[in-house]
Visitor: 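Let me begin by handing over the structure; questions about it come next.
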Protein chains: 2
Amino acid sequence: MSRAQRWIDDQGERPTRERVLDAAMQLFHAQGYTATGIAAILERADLNPGSLFHFFPTKEDLVLALLDRYLTLLDPMVIAPVFERITDPIERVFGILDGYRRMLVSTECALGCPIGNLALELSDTHPKVRAKVAANFDQWCAAVRGCLDAGRNRLPPKTDTDRLATFVLTVMEGAVMQAKAQRSLDPYDQSVAELRAYFDRLLAEASDWKKPRSS
Amino acid sequence: MSRAQRWIDDQGERPTRERVLDAAMQLFHAQGYTATGIAAILERADLNPGSLFHFFPTKEDLVLALLDRYLTLLDPMVIAPVFERITDPIERVFGILDGYRRMLVSTECALGCPIGNLALELSDTHPKVRAKVAANFDQWCAAVRGCLDAGRNRLPPKTDTDRLATFVLTVMEGAVMQAKAQRSLDPYDQSVAELRAYFDRLLAEASDWKKPRSS
DNA sequence: TGCAGGCTTGAGTGACCGCTCAAGATGGCT
DNA sequence: AGCCATCTTGAGCGGTCACTCAAGCCTGCA
């Protein structure tokens, strides 16, 4: 009976492959890649080893697939909600930073950035993982640069938006790292405030260029 | 004979405890904490298990001692060499960033920041490690803040040097992470260039305050 | 109804993990 | 010389690691 009940319940559930990725996403984020055993993933996904290894022949294949999922999730889960409630292109950048802040709040600053964690843990030793992490960073960078390009007319004329987007990502990752190490939002808030101060100066400078005669 | 020879050779060598820390420092930096087995440390230090566990009862004790070493090494290995060749307090901040750049060059961007790596890998699960990582970050922050305070008169009057120092550390860590993920100096150089652009504006703003009549 | 292919089952694999400990070597003190 | 504290030796512990595989189940199609 419990087997039948299980089957009925499972009808509405996600397919096995997705359940594995769900479990791996949570556990890798919370404990790291090496520290998370396959057994823990199996338990959380309620599966046997064979099922998992049918879809992911090795643990590395699993984390690679997870990074692909992050790549496809960036737009619908991170970017779109921000763009929905904010239209100003520069404010959208800070909206993304605020979205990350909410994640820090909801995890009490304990977990940090799932991609950044994998970046530091595996870039040395797992070249394929490193490449996919780099692709994720590229996509983040491109999203931020898109905002900056859209607000280009309010920035100083010779602004390098690619460089500035890289800088925004740098600040985000560095700030999340410190927040995680200090278990406090303060370093994050301070860093974002300082980034805001920089943008204020860039915007002020550009508006001076536009109406220099008025002074 | 080989034993006697070994003994003679060892006379000039570092004590056991230091050799363990040397080996752990290299291996944790290159492979991470969890991925480095005690056996690998023993092999690199040319020791038996008992010797290591005599000084460090658990693996966690070992990484905690390593973080203490980083704390004591910061000044003589990182700060002092920069202060020796640069006197301008603001330039000293960028001298520290340049020192880190040299480390990236010498490791081909593969390893990143040893403290940052431990921060992301272990902060979730090892509270004592997290606390010592935080102490390391605090000390880095204090060193940078010291420079900023020394150059205070050239910064805008109401500059929060603590916040700005946190920001510098944020940029450093975030930039190193991206350099490691991309295996390229570009993200680091771009981020530092952007930080420099911010400082240029802060310095220009402050000098406007000082001589507003001359314009 | 039978069959083929995708998927699941779960006990089992050897290797490696952090760590133990009883025995012995060593150097300094009296 | 005798003795203690400090340190070293290395075989070996129980446990966990990523992973295997032969067998069976389920579904869709002929």
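Keep in mind it's a predicted model, so treat the numbers as computed, not measured. Chain letters run A, B, ... following the sequence lines, proteins first, then strands; residues in each count from 1.
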Visitor: Applying side-chain contact (heavy atoms from CB on, under 4.5 Å), can you list everything that pairs with B:Ala165, at least two apart in sequence or on another chain?
Guide: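 Partners of B:Ala165 under the side-chain contact (heavy atoms from CB on, under 4.5 Å) test: B:Cys141, B:Val144, B:Arg145, B:Leu148.
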Visitor: Where along residues 117-125 of chain A does a heavy atom fall under 4.0 Å from DNA chain C?
Guide: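 Close to the strand, none.
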Visitor: How long is the line joining CG of B:Leu47 and P of C:dC19, in whole Å?
Guide: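 These atoms are roughly 16 Å apart.
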Visitor: To the nearest Å, give me how far apart CG (B:Asn48) and C1' (D:dG12) are.
Guide: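 In whole Å, D:dG12 C1' lies 13 Å from B:Asn48 CG.
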Visitor: Measure from the side-chain heavy atoms of A:Ala39 and tell me the nearest of D:dT8, D:dC17, C:dG10.
Guide: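 Within the option list, the nearest is D:dC17.
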Visitor: In chain order, what residues pass the side-chain contact (heavy atoms from CB on, under 4.5 Å) check against A:Val82, with sequence neighbours excluded?
Guide: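 Residues passing side-chain contact (heavy atoms from CB on, under 4.5 Å) with A:Val82: A:Arg85, A:Ile86, A:Ile96.
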Visitor: Please write out each protein N/O paired with an N/O of nucleotides 13-15 of chain C under 3.5 Å, distance rounded to 0.1 Å.
Guide:
none

Visitor: Take the protein atom OH of A:Tyr33 and the nucleotide atom P of D:dC17, then report the distance between them rounded to whole Å.
Guide: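 These atoms are roughly 13 Å apart.
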Visitor: Heavy atoms, side chains only, cut-off 4.5 Å: are B:Thr72 and B:Asp68 in contact?
Guide: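 Sidechains of B:Asp68 and B:Thr72: no contact.
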Visitor: My understanding is that only residues two or more places apart in sequence, or in another chain, count here; which of them pass side-chain contact (heavy atoms from CB on, under 4.5 Å) with A:Lys180?
Guide: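 With sequence neighbours excluded, A:Lys180 shows a side-chain contact (heavy atoms from CB on, under 4.5 Å) to A:Asn117, B:Leu120, B:Ser123, B:Asp124, given in chain and number order.
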Visitor: Among residues at least two apart in sequence or on other chains, which ones pass salt bridge (Lys or Arg N to Asp or Glu O under 4.0 Å) with A:Arg69?
Guide: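 Listed in chain order: A:Glu18, A:Asp22.
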Visitor: Listed in order of residue number, which residues of residues 52-66 of chain A have a non-hydrogen atom at under 4.0 Å from DNA chain D?
Guide: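 When residues 52-66 of chain A is checked for heavy atoms under 4.0 Å from DNA chain D, the hits, listed by number, are A:Phe53, A:Thr58, A:Lys59.
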Visitor: What residues form a ring-ring contact (aromatic ring centres under 6.0 Å, His included) with A:Tyr100, not counting sequence neighbours?
Guide: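 Only A:Trp140 meet the ring-ring contact (aromatic ring centres under 6.0 Å, His included) criterion with A:Tyr100.
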Visitor: Give every residue pair that meets the ring-ring contact (aromatic ring centres under 6.0 Å, His included) criterion with at least one member in residues 34-77 of chain A, sequence neighbours excluded.
Guide: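 The answer is none; no pair qualifies.
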Visitor: Output all residues satisfying ring-ring contact (aromatic ring centres under 6.0 Å, His included) with B:Phe28, sequence neighbours left out; order by chain, then residue number.
Guide: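 With neighbours one apart ignored, the set is B:Tyr33.
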Visitor: Scan B:Thr34 against the nucleic acid and name what it touches under 4.0 Å (heavy atoms): base, sugar-phosphate only, or nothing.
Guide: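 B:Thr34: no heavy atom of the nucleic acid under 4.0 Å.
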Visitor: Could you pull out all residues at least two apart from A:Phe199 that satisfy ring-ring contact (aromatic ring centres under 6.0 Å, His included)?
Guide: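 Applying ring-ring contact (aromatic ring centres under 6.0 Å, His included) to A:Phe199 gives A:Phe94.
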Visitor: Mind checking what makes side-chain contact (heavy atoms from CB on, under 4.5 Å) contact with B:Gln139, not counting sequence neighbours?
Guide: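 Here the qualifying residues are B:Leu71, B:Leu74.
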Visitor: Tell me the interatomic distance from A:Ile38, atom CD1, to D:dC17, atom P, rounded to whole angstroms.
Guide: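 After rounding, the reported distance stands at 10 Å.
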Visitor: Respond yes when some side-chain nitrogen or oxygen of B:Thr16 is under 4.0 Å from OP1 or OP2 of D:dC7, and no when none is.
Guide: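 Looking at the OP1 and OP2 atoms of D:dC7, neither is under 4.0 Å from any side-chain N or O of B:Thr16.
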Visitor: Determine, step by step, whether B:Glu91 and B:Arg196 satisfy the salt bridge (charged side-chain N to carboxylate O under 4.0 Å, His left out) criterion, reporting the C-alpha distance in whole Å, the side-chain angles of both residues, the deciding distance to 0.1 Å, and the verdict.
Guide: CA-CA 10 Å; B:Glu91 288 311 310; B:Arg196 168 72 81 174; 2.8 Å; yes
Visitor: For A:Ala35 and A:Gly50, find the nucleotide of DNA chain D closest to each by heavy atoms; which residue's nucleotide sits nearer the 5' end?
Guide: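 First, find each residue's nearest nucleotide; the 5'-ward one identifies A:Ala35.
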Visitor: Is NZ or CZ of B:Arg92 both nearer than 6.0 Å to the six-membered ring centre of B:Phe83 and within 45° of the ring axis?
Guide: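 Judged by the rule (NZ or CZ under 6.0 Å from the ring centre, within 45° of its axis), B:Arg92 counts as positioned above B:Phe83.
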Visitor: Round to the nearest Å and state the distance from A:Asp46 atom CG to C:dG10 atom C1'.
Guide: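 Atom CG in A:Asp46 sits about 13 Å away from atom C1' in C:dG10.
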Visitor: For the side chain of A:Pro49, starting at C-beta, report the closest nucleotide among C:dT8, D:dT8, D:dC19.
Guide: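 The closest nucleotide is D:dC19.
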Visitor: Expressed in angstrom and rounded to an integer, what is the separation of A:Leu42 atom CG from C:dA11 atom P?
Guide: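 For the pair A:Leu42 CG and C:dA11 P, the rounded distance is 13 Å.
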Visitor: I need the CD-C1' distance between B:Glu18 and D:dC7, as an integer number of Å.
Guide: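 Computing the B:Glu18:CD to D:dC7:C1' distance gives 15 Å.
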